[in-house]
Amino acid sequence: MAESTSLLFNPRTYDPAHFDPETRRLLRATVDWFEARGKRRLIQDYRSRVWLADFLEFAAKEELFATFLTPASAAAGDGDRRWDTARIAALNEIFGFYGLDYWYAWQVTVLGLGPVWQSDNADARERAAGLLAQGEVFAFGLSERTHGADIYSTDMLLEPDADVPGGFRATGSKYYIGNGNAAGLVSVFGRRTDVEGPDGYVFFAADSRHPAYHLRKNVVDSSKFVSEFHLEDYPVAPADVLHTGRAAFDAALNTVNVGKFNLCTASIGICEHAMYEAVTHATNRILYGRPVTAFPHVRRELTDAYVRLVGMKLFSDRAVDYFRSAGPDDRRYLLFNPMTKMKVTTEGEKVIDLMWDVIAAKGFEKDTYFAQAAVEIRGLPKLEGTVHVNLALILKFLRNHLLDPVDHPPVPTRLDAADDAFLFRQGPARGLGSVRFHDWRTAFDAYAEVPNVARFREQADALCAFVETSAPDEEQSRDLDLLLAVGQLFALVVHGQLILEQARLTGLDEELLDELFAVLVRDFCAHAVDLHGKDSATEAQQEWALGAVRRPVVDTARSTRIWERVEALAGAYEMAP
């Protein structure tokens with residue numbers, strides 16, 4: 001049992017010994033708080049849609065958010081406070097494991113802090129650090145009801161205030177703003193009425209308790225308070241201004257760069273808890289005189305779910321290293337970040353669907369975690385940019401990544417207690433075409449003897465040939481439907497690359513890797529066939545698509561051994577009542 005469960009988060013055995021003592025204490029204290037609360041209370045709170053006051057009280061008492069979300073530059077010398085993506089990822093996973101509502105209050109706090117920590121406004125930074133220390137949450141006032149996240153079209157208007165030099169009066173509404181009911185500081189994006197174009201953008205700090213801040217409603221039926229609020233002549237003093245002009249625009253996009261990374265590990269946590277429930281139920285369920293898990297299709301679905309989940313974890317863990325090692329001359333994270341957002345979260349949907357096909361009606365029962373997991377897993381691919389938006393972003397890196405590698409020093413595993421300061425000085429949110437990558441083939445070469453890695457490598461090489469000989473022409477480049485199919489194929493190659501890099505760093509056994517890549521080979525085939533069927537696909541592209549189809553290397557004995565690891569998850573964890 002230990003071998004199979006060691007790859008998944010298990011509260012019974014969790015000991016994050018790779019972190020410093022205070023991080024270890026806080027992560028374990030968070031797990032213990034949820035376990036003491038118990039499954040019945042957790043589900044009751046979820047279904048009654050209560051605000052998370054008890055959880056936020058716990059987080060404030062432990063100074064959890066303050067410790068994890070205060071960068072060293074604002075920590076006043078407190079050595080435990082830093083912005084450390086590795087431990088942030090660990091906490092995301094724990095929150096996802098127990099309920100996405102808890103993660104969401106934390107996530108929008110991350111987003112609300114982004115423009116503040118990027119700001120040169122020392123007063124605002126000091127105020128934010130103080131609010132965190134008091135246990136306050138934050139909010140990110142970007143989206144609007146009419147325009148969504150189209151920040152070019154914001155209707156939050158700032159009129160210069162004649163009574164306050166350098167000040168404004170802000171009027172306008174924001175929509176879909178998490179924590180908008182309780183945030184001590186809301187980072188709000190708007191534009192000046194007296195300045196045209198991008199020079200008129202402003203990011204400013206607002207307080208949800210101010211009389212000119214009008215909370216209208218929670219727009220979702222959930223404990224997550226996803227607010228609509230309206231500012232009416234809200235006074236914005238110079239001390240409240242975080243960014244102006246193009247810097248405000250960059251702060252918005254760079255904040256999303258930081259925040260979207262959190263979605264992958266939340267998705268992993270959801271899938272892990274659901275998997276314990278699903279495998280335990282299926283193993284104990286007798287159908288036609290046999291355990292449900294005796295049926296070959298059930299074993300295949302649960303095994304596929306397990307190896308996909310392992311792949312999600314491997315990719316996300318490796319992406320942390322690139323995020324933490326990023327700098328002005330190494331911006332590879334700008335590809336791996338939307339990959340975690342798009343690819344890992346959609347893999348999470350597949351994992352839940354595979355398990356749900358097995359446990360069927362059990363997945364609807366009100367006393368299960370699975371029932372909420374099946375709902376909440378759908379949200380993650382749709383937050384911080386849709387799948388399509390992130391796929392389109394990923395496509396910008398395709399040619400440089402596949403065809404034009406450069407030498408980069410190897411990126412080590414980054415679990416050290418360091419402050420990830422570069423995330424708040426990313427600079428202008430442009431120049432993606434200049435980002436260069438190391439050779440993706442190196443990761444595959446290291447596992448050339450693993451049958452399904454080699455089979456997938458054939459497909460990856462075929463994609464390179466496609467880009468060189470059959471890439472969409474200028475007219476097809478306006479057909480986003482076709483381009484997204486190509487993007488899915490490219491995303492699979494990047495997904496496989498980081499999985500292999502992390503497998504090498506952690507010594508993952510090759511049998512498990514072989515089973516995982518059998519799934520990825522099938523995925524590549526499915527996306528190739530999808531490309532073949534696109535309306536605008538040329539004859540050459542159709543021919544290429546069918547030529548890229550491969551059959552995974554079948555090894556029944558290997559699949560049986562991997563299934564035994566999955567079966568060992570039965571009873572490995574059950575949340576206290």
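Only a predicted model underlies this, so the values are computations on that prediction, with no experimental measurement involved. Atoms considered below: every heavy atom in the structure, side chains included; atoms not considered: hydrogens, waters and symmetry mates.
- Using a 4.5 Å heavy-atom cutoff, the side chains of L302 and L354 are not in contact.
- Between F323 and D420, the closest side-chain pair of non-hydrogen atoms is not below 4.5 Å.
- Under 4.0 Å is where a charged nitrogen must lie from a carboxylate oxygen, and between D304 and R300 at least one such pair does.
- In this structure, the separation between CD on E510 and CG on N452 is 12.5 Å, given to the nearest 0.5 Å.
- Looking only at side-chain heavy atoms (C-beta outward), R522 and P552 come within less than 4.5 Å of each other.
- Side chains of H273 and Q372: a donor-acceptor N/O pair is absent below 3.5 angstrom, by distance only.
- Under the 4.0 Å criterion applied to side-chain N and carboxylate O atoms, E349 and R378 are assigned as salt-bridge partners.
- Salt bridge annotation for R504-E501: absent, with no cationic side-chain nitrogen under 4.0 angstrom from a carboxylate oxygen.
- Considering every non-hydrogen atom in both A360 and F364, the closest pair reads O-CD1, 4.0 Å.
- The two residues D20 and A417 make their nearest non-hydrogen contact at OD1-CB, 4.2 Å.
- The aromatic ring centroids of W103 and F97 lie 6.0 Å or more from each other.
- The side chain to side chain donor-acceptor pair (under 3.5 Å) pairs that include a residue from residues 389-400 are K260-N390, where partners are two or more places apart or lie in different chains.
- Closest non-hydrogen pair, L380 versus A266, comes out as CD1-C, 4.2 Å.
- Within the model, atoms CG of L314 and CG of L516 stand 7.5 Å from one another, a figure rounded to the nearest 0.5 Å.
- Salt bridge status for E22 with R87: absent, with no side-chain N to carboxylate O gap under 4.0 Å.
- In this structure, K341 NZ and L393 CG are separated by 11.0 Å, a value rounded to the nearest 0.5 Å.
- The pair D367-R40 does not meet the salt-bridge criterion, since no charged nitrogen lies less than 4.0 angstrom from a carboxylate oxygen.
- Contact check for V220 versus F225: no side-chain heavy atoms found under the 4.5 Å cut-off.
- With contacts defined as side-chain heavy-atom distances shorter than 4.5 Å, the pair F55/D45 does not qualify.
- The closest side-chain heavy-atom distance from V450 to E511 is not below 4.5 Å.
- Here the closest heavy-atom approach between residue I352 and residue A274 is recorded as CD1-CB, 3.7 Å.
- Electrostatic pairing of K313 and D317 does not count as a salt bridge here, judged by no charged N lying under 4.0 Å from a carboxylate O.
- Remark: T85 OG1 to L423 CG distance equals 5.0 Å, nearest 0.5 Å.
- How far CZ of R47 is from OG of S222: 12.0 Å, rounded to the nearest 0.5 Å.
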Candidate pair W356 and K362, rule side chain to side chain contact (heavy atoms under 4.5 Å, CB included), full reasoning: CA-CA 8 Å; W356 206 353; K362 184 72 176 178; over 6 Å; no
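- Defined by atom type and a distance below 3.5 Å, a donor-acceptor pair is missing between the side-chain atoms of D445 and T442.
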Let me see the working for N92 and W106 under side chain to side chain contact (heavy atoms under 4.5 Å, CB included), right down to the final yes or no. CA-CA 9 Å; N92 287 328; W106 146 272; 2.7 Å; yes
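- Residues C525 and Q459 are in side-chain contact: their nearest non-hydrogen atoms beyond the backbone lie under 4.5 Å apart.
- Counting heavy atoms from C-beta on, the side chains of I268 and F9 never come closer than 4.5 Å.
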Do L335 and F490 pass the side chain to side chain contact (heavy atoms under 4.5 Å, CB included) test, and can you show the C-alpha distance, the side-chain angles, and the key distance before you say yes or no? CA-CA 11 Å; L335 167 59; F490 174 47; 4.3 Å; yes
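- Between F336 and H438, the two ring planes are perpendicular [angle over 60°; tilted spans 30° to 60°].
- Relative ring orientation between W33 and F58 is described as parallel, the plane-to-plane angle staying below 30° on a 0-90° scale split at 30° and 60°.
- A salt bridge is absent between E515 and R308: the closest approach of a Lys/Arg side-chain nitrogen to an acidic carboxylate oxygen does not fall below 4.0 angstrom.
- Scanning all heavy atoms of the two residues, the minimum distance from R414 to D321 falls at N-OD1, 2.8 Å.
- Screening Q502, R441, R318, H401 for a side chain to side chain donor-acceptor pair (under 3.5 Å) with Q497, the sole residue that qualifies is H401.
- Each salt bridge (Lys or Arg N to Asp or Glu O under 4.0 Å) pair with one or both residues in residues 545-556, not counting sequence neighbours, appears once here: E458-R550.
- Judged as a side chain to side chain contact (heavy atoms under 4.5 Å, CB included), and not counting sequence neighbours, the contacts of R299 are W563.
- In terms of heavy-atom proximity, I43 sits nearest to Y369 at CD1-N, 4.3 Å.
- Residues E301 and Y306 have side chains that never bring a donor and an acceptor to within less than 3.5 angstrom of each other.
- Using modelled atom types and a 3.5 Å distance limit, the side chains of Y98 and E35 yield a donor-acceptor pair.
- With respect to I88, the side chain to side chain contact (heavy atoms under 4.5 Å, CB included) criterion is satisfied by exactly one of T265, V110, N262: N262.
- The ring-ring contact (aromatic ring centres under 6.0 Å, His included) with F456 is formed by just one residue from the set Y447, F517, W440; it is F517.
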